[in-house]
Protein chains: 4
Amino acid sequence: MASERREHLVRLAAELFAQKGFQATTVRNIADEAGILSGSLYHHFDSKESIVDEILSGFFDEIMASYRAAIDRGQGPRETIAALVRAAFDTLEPHRAAITVMQNDWSYLRGMERFAYLTKAEDEIEEMWAGTIRQGQRQGLFRADIDATLTYRMVRDTIWMAVRWYRPGSGLDPKTLAEHYLKVMFDGINIH
Amino acid sequence: MASERREHLVRLAAELFAQKGFQATTVRNIADEAGILSGSLYHHFDSKESIVDEILSGFFDEIMASYRAAIDRGQGPRETIAALVRAAFDTLEPHRAAITVMQNDWSYLRGMERFAYLTKAEDEIEEMWAGTIRQGQRQGLFRADIDATLTYRMVRDTIWMAVRWYRPGSGLDPKTLAEHYLKVMFDGINIH
Amino acid sequence: MASERREHLVRLAAELFAQKGFQATTVRNIADEAGILSGSLYHHFDSKESIVDEILSGFFDEIMASYRAAIDRGQGPRETIAALVRAAFDTLEPHRAAITVMQNDWSYLRGMERFAYLTKAEDEIEEMWAGTIRQGQRQGLFRADIDATLTYRMVRDTIWMAVRWYRPGSGLDPKTLAEHYLKVMFDGINIH
Amino acid sequence: MASERREHLVRLAAELFAQKGFQATTVRNIADEAGILSGSLYHHFDSKESIVDEILSGFFDEIMASYRAAIDRGQGPRETIAALVRAAFDTLEPHRAAITVMQNDWSYLRGMERFAYLTKAEDEIEEMWAGTIRQGQRQGLFRADIDATLTYRMVRDTIWMAVRWYRPGSGLDPKTLAEHYLKVMFDGINIH
DNA sequence: TATGAATGAGGTTTCATTCAT
DNA sequence: TATGAATGAAACCTCATTCAT
């Protein structure tokens, strides 16, 4: 089913989508990169959309699994939040292309029936994070005067947007980024 | 130069670009919205690009001016950062469409010679913010163990991405958002 | 009727048509050159075609008159041919733009009902020249083994095509060109 | 590279360009003639310009080769000039369409960066012809009181412009034309 | 699996022309 | 006479997709 050839093509496509955007990448671009003719791609996929679908669903499946594992570990809210942040940053390298597409072509994909599952997954994720934050508030660990959902969105956007400037092998690795973000998120930049 | 008719058309276009994305919005969409034929738009603009250019440069001019004013006020780093955050959030409503385009079509626009000025402006802005943070670190106001640039990017992404979910008239106004973000940014979510 | 303003506009248009070709010159180009808006041209002319018509008919009127005068002078064939050649070259400077348009846009204009008069004038002109050559042949002045019509066309094309490379003020003036062409035409390049 | 289908399309296009002019011929005209949709042409060519490029460069390659062969045969100037004239007339039938385009759309094509090679080729050709004429003058075969370059241009224009009126199968064939032109060129129309 | 040719819909842009002011 | 806005037709070109071979 998922032949090697096919997986290779998906990876090529993901790279192009990430570089130029989904809409701006033509089926011919992908075929050129693979050294075949554009029509030949249709032996592997039934549409351009189905390629991006494969890219995104692969990423979402993995991140959801990681998040669930972090939640299910049943640690305290502080540890759980840290685990979620770290899980997210851990995908930055292996799924860089998928995340880039998700961020850059979000407005296009959001409008499509086919990708409704993305919105659904996002809602579920939001509930995991915000729920954990609220739990921390109830337990007196986190300040009561912040909005859990708002705070989640702050963190989420800040993490995923990192793909727009993060370059592997530039001194900063995702683990370092995660710790930096946790520091600021938990304690702020002020010296008290 | 900027006739009323023209400004009206720019506003219509901005709204459509924000809703559907720059690429997915056709010149015909804009013309339809304006009740004219697509060719007639070319009486006012010489290309679709020049429309988005007008939208974005208008926004950038304003935000740069606000930022410079905040810096020039010569307050302490803490107050200056707060002023920058508030200045950014203050554009959220009047420039919602422009910000949305900037965020959503970033990957497309980035690749174009014509919009090189955006990158240049971003660099200048980064220097304003990061410089202020570093000043605060030197004055012993901000923690020395955070990275100024990284921190700026966190804040920047979190602010602009708000356009993807912020809806005017939903209880939350930009001022409230700004204060919330300042709280988290300065002091973190932990209770100490 | 032929106000100065109008004549000025015709001259501007002629220059542009000569430089870029009739089709490639837009009504806007002409208006820009005149410092008015394209729509305003329509107070002076009822179409782009009527402008080029004015340019070409002006030229044809003059060349026909010159040719007829040369013929009517009733000199011998040799002198008449020389007069025709000189008459043609004499238009090279004052009507350079018109001749250029006639040569360059010939294929386009030929196809238009409106410019049928050009073909008619050409036929009449061909008859003048070829008739004179034939007269010279009958009088034993010109060789009998050349084709009068063919010879006329040689000369005609050679004269008008000069506009493609002739530049006023480059040392060569039309009078010199005429004499050169007469030399070759009458006696050939061989030394006998 | 040059598939049969492609060559067929080029021939169709050349015919249309010759009939109506390059600018006046639409891509749809060509496609209609070929019985396909206009967009389908872009499977074979990347632009309308690239079609005319193929037409013209094919012609120029051949004429340059013929000219070089004539020069390289190393005969006397009189024979070489005759060979050049005959070589040119020999292209009149097989390359009628290309020559027509070259003549009629010269002013349009000249302005384009892409066709700069045409001007370059013309310069090289001018040097071949004018050089041969000058050689004949030095050897006392051709009159010293004529200008070599001017004479070349006379001949050149007269030859290529023949496509505007020459019709195959009208009694006159290119060989006859060549001999006629040689007669006039070498010895003039006078009887001495 | 791949090619080569084509489709069909639609995209941006151009441009001569019109007309109320 | 000129402006400013618009029309309407058509131009070149793009591109996801199909399909016989």
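Chain letters run A, B, ... following the sequence lines, proteins first, then strands; residues in each count from 1.
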Touch class at under 4.0 angstrom, heavy-atom based, for A:Ser50 against every strand present: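 Nothing: the residue A:Ser50, judged by heavy atoms under 4.0 Å, touches no strand.
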So which atom in D:Tyr108 and which in D:Met112 form the shortest heavy-atom distance, rounded to 0.1 Å?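 Of all heavy-atom pairs spanning D:Tyr108 and D:Met112, the closest is O-CG, 3.4 Å.
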Quick one: closest heavy-atom pair of B:Ala121 and B:Met64, and the distance?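 That closest heavy-atom pairing would be O-SD, 4.3 Å.
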Side chains of [X] and [Y]: does their closest heavy-atom pair fall under 4.5 Å?
X        : Y        : result
C:His8   : C:His44  : no
A:Arg6   : A:Glu54  : yes
A:Val101 : A:Leu109 : yes

How close or far is atom [atom2] of [N] from atom [atom1] of [X], stated in whole angstroms?
X        : N      : atom1 : atom2 : answer
B:Glu7   : F:dA5  : CD    : C1'   : 17 Å
C:Ile30  : F:dA2  : CD1   : C1'   : 17 Å
D:Ile51  : F:dC13 : CD1   : P     : 9 Å
A:Asp53  : F:dA16 : CG    : P     : 17 Å
A:Glu4   : E:dT1  : CD    : P     : 12 Å
D:Tyr108 : F:dA11 : OH    : P     : 14 Å
D:Phe45  : E:dA5  : CZ    : P     : 11 Å
B:Leu16  : E:dG11 : CG    : P     : 13 Å

Please confirm whether the shortest side-chain N or O distance from D:Arg6 to OP1 or OP2 of E:dA5 is below 4.0 Å.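 No, outside the criterion.
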Measuring to OP1 and OP2 of F:dA2, would you say a side-chain N or O of C:His44 lies under 4.0 angstrom away?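 Looking at the OP1 and OP2 atoms of F:dA2, one of them is under 4.0 Å from a side-chain N or O of C:His44.
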Nearest to the side chain of A:Thr26 - E:dT1, F:dA11, F:dC15?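 Given the options E:dT1, F:dA11, F:dC15, the side chain of A:Thr26 is closest to F:dC15.
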Given F:dT1, E:dA2, F:dA11, which nucleotide is nearest the side-chain atoms of A:Ile36?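 My answer, after comparing the listed nucleotides, is E:dA2.
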Within 45° cone and under 6.0 Å: C:Lys48 NZ/CZ vs C:Phe22 ring: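 Pair C:Lys48/C:Phe22 counts as cation-pi.
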If you find the nucleotide of DNA chain F closest to C:Leu9 and the one closest to D:Gln23, which residue's nucleotide is nearer the 5' end?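 The residue whose closest nucleotide sits nearer the 5' end is C:Leu9.
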If you pin D:Asn29 and B:Gly35 to their nearest nucleotides in DNA chain F, which one's is more 5'?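 Going by which nucleotide is closer to the 5' end, it is B:Gly35.
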Can you list every stem that DNA chain E is part of, counting only runs of 3 or more consecutive Watson-Crick or G-U wobble pairs with both distances under 3.5 Å?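 DNA chain E stems, ordered by first number: E:2-21 with F:2-21.
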Kindly assign one of parallel, tilted or perpendicular to the pair C:His95 and C:Phe59, based on the angle between their ring planes and the thresholds 30° and 60°.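 Tilted, since the angle between the ring planes falls between 30° and 60°.
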More than 12 heavy atoms of other residues, nucleotides or ligands under 6.0 Å from CZ of C:Arg28: is that the case?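 Counting neighbours around CZ of C:Arg28, 12 or fewer heavy atoms of other residues, nucleotides or ligands fall under 6.0 Å, so no.
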First encountered from the 5' end of DNA chain E, between C:Arg28 and D:Leu37: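 The residue whose closest nucleotide sits nearer the 5' end is D:Leu37.
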Protein N or O to nucleotides 17-20 of chain E N or O, pairs below 3.5 Å:
from   : atom 1 : to      : atom 2 : distance (Å)
E:dT17 : OP2    : C:Tyr42 : OH     : 2.7
E:dT17 : OP2    : C:Lys48 : N      : 2.9
E:dT17 : O5'    : C:Tyr42 : OH     : 3.4

Stepwise, does the side chain to side chain donor-acceptor pair (under 3.5 Å) test hold for B:Asp53 with B:Ser50? CA-CA 5 Å; B:Asp53 200 340; B:Ser50 80; over 6 Å; no
Between B:Arg96 and B:Glu15, is there a salt bridge with N-O shorter than 4.0 Å?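 Looking at B:Arg96 together with B:Glu15, the answer is yes, because their closest N to O distance falls below 4.0 Å.
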